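Owing to the predicted nature of the structure, the values given are computational and were not obtained by experimental measurement. First the proteins, then the strands, lettered A, B, ... as listed; each starts at 1.
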Protein chains: 2
Amino acid sequence: MLRKLFTTEQNRPFCHAKRGCMKEKKEDRRISRTRRLMHEALMSLIVEKGYESITVQDILNRADVGRSTFYAHYRDKHELLFSSFELLRTLFEQQQQTIHTSRLTGRDPEVYFILELFRHTGQHHKLYKAIAGKQSGEMILKYLHRYLYKMLIGPNTELMKKRKAPPVPIEITTHFLVSTLLSLITWWLDNNMPYSPEKMDEIFRIMTTPTIEAAFDRKTTTHPAGSIKAFYNLFVESDCCP
Amino acid sequence: MLRKLFTTEQNRPFCHAKRGCMKEKKEDRRISRTRRLMHEALMSLIVEKGYESITVQDILNRADVGRSTFYAHYRDKHELLFSSFELLRTLFEQQQQTIHTSRLTGRDPEVYFILELFRHTGQHHKLYKAIAGKQSGEMILKYLHRYLYKMLIGPNTELMKKRKAPPVPIEITTHFLVSTLLSLITWWLDNNMPYSPEKMDEIFRIMTTPTIEAAFDRKTTTHPAGSIKAFYNLFVESDCCP
DNA sequence: TTCATTAATGAATATTGTGTTCGATAAAAG
DNA sequence: CTTTTATCGAACACAATATTCATTAATGAA
């Protein structure tokens, strides 16, 4: 029975990571092999001809798997793409976790978030280019936007609302920050990463810091560095589960 | 013959505007009527159920035209959407033209570009929401990005490159500015335009002005207003034809 | 008004892509 | 070795796309 595949995994077909899975069930080699093949097929196809124009048949040909096998794993190609993204996301969050715990002493870890994001993106640039580059689909970009929004700013909106009457409404500022970050990442990927992650991190700060100062009430902070620090403090510490 | 429709128009099926068309050929009323019906159908359908999920059959039902009629005009629904955007674009450019010629004396017209863009967007917000809002397809957003890029900055890149060694590469700054503008517009539309075009224009300046100053070499301009002015001077005067 | 032109019609049809089913096969686990 | 189960592959139903062509009717020009 094909459906058995789902019944054994109990409605969580994409639990690739160890996050939350106490029992490290050894996955059937055939399953991981098939999934890997399909992921690789999708990624290479996106780079070649763009996400939208890919058909399931293309994926089957490239991955060399049967039609029924595909639908045993994913409902459609969107779900396949989504699960690719989930793999990267959990990987990044694990790396974040280890970095933060190993840096208990030393300078504030919050400040490194953007840098780590660029590093991680560069590390897996082929995958990220497929997912977030020119050729990707709208769906995943919107999802990324929501994800970064929640990850960076969403849960801490209350903190930001305490400031009285900023010249620019807060929703716009947050929307703007996420858009800027996302546009920097996609630009970087689509232009074959001409600068280092460190440089991109620096650029992000140069471009957003003055805006943050201008958008929030400048008078509440005497030292400009204060507002920047306050903003970066909002970054991590969100238990976001989209 | 249905194909006659295209042979008479000689491979430029969407020459609705006068731009470049010297001979004002009176278009058959049936053609413009059919196209109008299909445009209206598409726009209302996008607002209702989102662009991606619309089928050609939906458009046919809503517009009440025959299947073959649709394909006589447009290759697919993408082309229909694209031609809708073209109508708005030429309308905006005509408005810009008349505004600029009527304001020969007075303050610099370049500065009004963003404001006029917001006003025009607000004026036709239903159409723009369909085209650029949450429900639209990604295709047109990417096209809008390219269009604004060319319109605002692209042709004048040489001018900007004369500045020596700015702290942020110019390509990134331009990309950033277009992304900011686009994200402001889509945010504004998706949130039912809670602020006036004037306020949005102000917000755009508040958010981008400090970045422009930071991204370009601050030391080359003594007066902050100078660099802003220089930037806005780059805006208009482009004969962009995407 | 008349008349040649041509856009629109609608029904038929080929084509493509999606998603499902099921018995047979082969690989993995125990 | 035996049981389990993921994969195969071919068939199928279905939905949507895109094309065709003879017929109808609206249009613009005389």
Against the side chain of B:D76, the closest entry in D:dA6, D:dC8, D:dA18 is D:dA18

- Query: So, the side chain of B:K77 versus the backbone of B:I59: is there a donor-acceptor pair under 3.5 Å, distance only?
  - Reply: no

| Less than 4.5 Å apart, any side-chain heavy atom of B:H73 and any of B:R35? | yes

Salt bridge (charged side-chain N to carboxylate O under 4.0 Å, His left out) pairs touching residues 172-183 of chain A, sequence neighbours excluded, are none

For B:R146, the salt bridge (charged side-chain N to carboxylate O under 4.0 Å, His left out) test, sequence neighbours excluded, returns none

Rounded to whole Å, the CD-P distance (B:E27 to C:dA8) equals 10 Å

Would you give me the side-chain donor-acceptor pairs under 3.5 Å for residues 128-135 of chain A, sequence neighbours excluded?
| residue | atom | partner | partner atom | Å |
| --- | --- | --- | --- | --- |
| A:Y128 | OH | A:H120 | ND1 | 3.0 |
| A:K129 | NZ | A:N192 | OD1 | 3.1 |

Tell whether A:S68 reaches the base of C:dG19 with its side chain through a donor-acceptor pair below 3.5 angstrom. no

The helix from C:dT1-D:dA30 to C:dG30-D:dC1: angle between terminal helix axes, five bp per end, to the nearest 10 degrees, reads 40°

To the nearest angstrom, the OH-C1' distance between A:Y74 and C:dT18 comes to 18 Å

Per the atom types in the model, does the base of C:dA8 pair as donor or acceptor with the side chain of B:R30 at under 3.5 Å? no

With sequence neighbours left out, the residues meeting ring-ring contact (aromatic ring centres under 6.0 Å, His included) with B:H125 are none

Hits for side-chain contact (heavy atoms from CB on, under 4.5 Å) against B:D58, two or more places apart or cross-chain, chain-then-number order -> B:L45, B:K49, B:I54, B:T55

Salt bridge (charged side-chain N to carboxylate O under 4.0 Å, His left out) filter on B:K199, not counting sequence neighbours, yields none

When rounded to whole Å, the CD1 to P distance for the pair B:I59 and D:dT17 reads 8 Å

Those residues at least two apart in sequence (or on a different chain) that pass salt bridge (charged side-chain N to carboxylate O under 4.0 Å, His left out) with A:R33 are none

NA contact type, B:D58, heavy-atom cut-off 4.0 Å: base, sugar-phosphate, or nothing?
nothing

Quick note, B:D28 side chain, CB onward, closest among D:dT7, D:dT27, C:dT9 is D:dT27

- Task: Give a yes/no answer on whether the side chain of B:H73 brings an N or O atom under 4.0 Å of OP1 or OP2 in C:dA7.
- Result: no

B:L80 CG to D:dA18 C1', in whole Å, measures 16 Å

Taking for B:K77 and for A:D64 the nucleotide of DNA chain D with the nearest heavy atom, the one nearer the 5' end belongs to A:D64

Winner on side-chain proximity to B:Y71, out of D:dT7, D:dT27, D:dT17, is D:dT17

When rounded to whole Å, the CZ to P distance for the pair B:R33 and C:dT9 reads 7 Å

Between the protein and nucleotides 11-16 of chain D, list every N/O to N/O distance that falls short of 3.5 Å.
none

Separation of D:dT7 atom P from A:L60 atom CG, nearest Å, is 13 Å

A:M38 CE to D:dA6 C1', in whole Å, measures 11 Å

Separation of D:dT7 atom P from A:R36 atom CZ, nearest Å, is 12 Å

request  = Look only at the side chain of A:W188 and the backbone of A:M200, and say whether a donor-acceptor pair between them is shorter than 3.5 Å.
outcome  = no

